[in-house]
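Shown next, in structure tokens, is the structure this report addresses.
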Amino acid sequence: MVYLGLDQLKESIEDFTKAIGLVKEANTSFKAYFYRGECFRKMKRYDQSIKDLQTACDIQKDSAPAYNNLGLSLFESGQFEKAFEKYTRAIELDVKDPAYHTNRGIAAHHLGRYPTALEDFNKSLIIDSSIARTYYHRGITYLALAQFAEALQDFDKAIQLDPTNYKFFHNKGIAYQEMRRYEEAITMFVRSLELNTGHTASIYHLGLMQHKNGELREALESFTKVLALSGDSRDVYESRGLVYQDMKQHMNAISDFNMAIKLEQDQPDVYFYLGNSKIAIGNYEEAIEDFHKAIELGSKNPGIFNGIGQAYRHLGNFPKSLYVFSRHFTGLDL
């Protein structure tokens, strides 16, 4: 048990393994499997954790903590439905523990069962209204339902209870972002980063909001920082390319759009952006190819026709330009 507190997990696993081999008494065996399963979960060795915690449940079929922790390992391994079932069993055994309701609510959220998630979070808060984590996760569910006012209220309550958790500020920023309240979103992402300077999601969304707010150099700095921290990212290259485009730095924009396509080829929007920057530098033939590639990939962006028409006009092919514009205005494909 001392090892668990010190996170000396390998040593703890060895001790619990010895106990399992030496002790036949059921209660001691239960504890050994239970805590070894917890060690494996902390090490992200989920198959072994699930096996041990299931054994613990088999030994003590009335242990709510064992079923709850089995649910945690299943959830962390991406088995949300099975996790939901184990949390349900834990609740059946101990309906008064708020953590079990919260955990099942989180599983329900990941299964897309938002009303069920809200019901579980509400039950948890009836039992104990002082748990920041529950308000936070209920806020996440409200966010998924586009109930932004409710989401903000829950994030505020979570922050009030625990002002040191950067995730609370980050997701409050996401709520403001969805509401197009860009300056307030920026404030929240900055607060998140004050608590966790390396949180790349906050840096990325800060960049998005800075771009929306016309703060182009700041957005460029944010996206560049994300790439430095996390390595290549299709989304970040696309987003930074759009900033370069608005700054009229089209060669840099083209470079970023090409990187985005290299990382993920089937991106009609990026081909559209690429075509626009190529028009801006006078590379009209390649621009036409990019616009057609966007159409081939399924883009319905009406700006594509305008881009192709402009490119043909710059090339002096007025009949083709007129044809493209006429097809666009009559709603016909090329």
Side-chain angles (χ1 to χ4, degrees), residues 146 177-183 185-186 203-228 231-334:
Q177 176 178 320
E178 293 297 316
M179 299 169 77
R180 300 186 180 182
R181 292 164 60 174
Y182 302 136
E183 291 187 2
I186 287 171
I203 302 171
Y204 175 67
H205 284 277
L206 175 61
L208 292 176
M209 295 300 93
Q210 289 166 329
H211 189 189
K212 290 286 188 181
N213 212 37
E215 302 170 21
L216 300 184
R217 292 195 178 279
E218 292 83 355
L220 186 63
E221 182 180 336
S222 293
F223 293 136
T224 301
K225 187 174 182 180
V226 176
L227 290 170
D232 291 340
S233 165
R234 196 276 301 177
D235 290 337
V236 181
Y237 278 118
E238 176 184 339
S239 298
R240 192 175 70 171
L242 289 170
V243 175
Y244 277 130
Q245 199 169 66
D246 285 349
M247 296 174 76
K248 311 299 182 187
Q249 296 184 28
H250 290 287
M251 292 304 297
N252 287 332
I254 288 169
S255 176
D256 273 1
F257 294 144
N258 280 330
M259 279 299 299
I261 289 169
K262 181 180 178 180
L263 293 168
E264 187 177 326
Q265 295 183 357
D266 296 337
Q267 298 182 74
D269 288 342
V270 180
Y271 279 103
F272 170 67
Y273 304 144
L274 187 59
N276 284 331
S277 279
K278 287 181 178 176
I279 283 181
I281 65 170
N283 194 341
Y284 304 121
E285 292 182 351
E286 286 192 15
I288 291 169
E289 292 178 7
D290 288 330
F291 290 135
H292 278 290
K293 183 65 175 180
I295 293 171
E296 177 187 324
L297 291 172
S299 176
K300 300 297 182 183
N301 191 324
I304 290 176
F305 292 90
N306 181 59
I308 296 173
Q310 282 191 49
Y312 278 124
R313 179 169 58 82
H314 284 296
L315 288 168
N317 192 337
F318 297 107
K320 189 69 172 179
S321 176
L322 182 61
Y323 170 77
V324 171
F325 283 128
S326 67
R327 302 291 284 185
H328 168 50
F329 288 117
T330 56
L332 299 173
D333 294 331
L334 291 178

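Only heavy atoms go into these numbers, but all of them, side chains included; no hydrogens, no water, no symmetry mates. Along the sequence shown, residues are numbered consecutively beginning with 1. Since this is a predicted model, take the numbers as computed values, not measurements.
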- [ ] Give, for atom CZ of F305 and atom OG of S321, the distance between the pair rounded to the nearest 0.5 Å.
- [x] 13.0 Å

- [ ] Check whether any side-chain heavy atom of Y284 sits under 4.5 Å from a side-chain heavy atom of K278, and report yes or no.
- [x] no

Open item on the list: Check this for me, if you would: do E238 and R234 make a salt bridge, where the nitrogen-to-carboxylate-oxygen distance has to be below 4.0 angstrom?
Closed with: yes

Indicate every side-chain donor-acceptor pair of residues 211-218 with a distance under 3.5 Å to a residue at least two apart or in another chain.
residue: H211; atom: NE2; partner: D246; partner atom: OD2; Å: 2.7
residue: N213; atom: ND2; partner: E215; partner atom: OE2; Å: 2.8

Task: Test ring-ring contact (aromatic ring centres under 6.0 Å, His included) applied to Y182 - qualifying residues, sequence neighbours left out - done: none

TODO: Show your working on ring-ring contact (aromatic ring centres under 6.0 Å, His included) between Y204 and F223 and close with a plain yes or no.
DONE: CA-CA 6 Å; Y204 175 67; F223 293 136; 5.6 Å; yes

Open item on the list: With a 4.5 Å cut-off on side-chain heavy atoms, are F257 and Y237 touching?
Closed with: no

TODO: Please confirm whether the backbone N or O of I279 pairs with a side-chain atom of Q310, one donor and one acceptor, at under 3.5 Å?
DONE: no

Task: Reported OG-to-NE2 distance for the pair S299 and H292, which is rounded to 0.5 angstrom - done: 12.5 Å

Open item on the list: Could you tell me if the side chain of K293 sits less than 4.5 Å from the side chain of L274, heavy atoms only?
Closed with: no

Open item on the list: Quick check on E221: does its CD atom have over 12 non-hydrogen neighbours (other residues, nucleotides or ligands) under 6.0 Å away?
Closed with: no

Open item on the list: Measuring from atom CD1 of I254 to atom CG of N283, what distance do you get when rounded to the nearest 0.5 angstrom?
Closed with: 7.0 Å

TODO: With the side chain counted from C-beta on, respond yes when K248 and H250 share a heavy-atom pair under 4.5 Å apart, and no when they do not.
DONE: yes

Task: Rounded distance [0.5 Å steps], CZ in R180 versus CE in M209 - done: 10.0 Å

Open item on the list: For S222, is there any backbone N or O sitting under 3.5 Å from a side-chain donor or acceptor partner on Q210?
Closed with: no

Open item on the list: Working to the nearest 0.5 angstrom, can you tell me the gap between Q267 CD and L297 CG?
Closed with: 9.0 Å

Open item on the list: What's the separation between atom CG in L242 and atom CG in L220, rounded to the nearest 0.5 Å?
Closed with: 12.0 Å

Open item on the list: So for atom CD, which belongs to Q265, do other residues, nucleotides or ligands contribute more than 12 heavy atoms lying within a distance under 6.0 Å?
Closed with: no

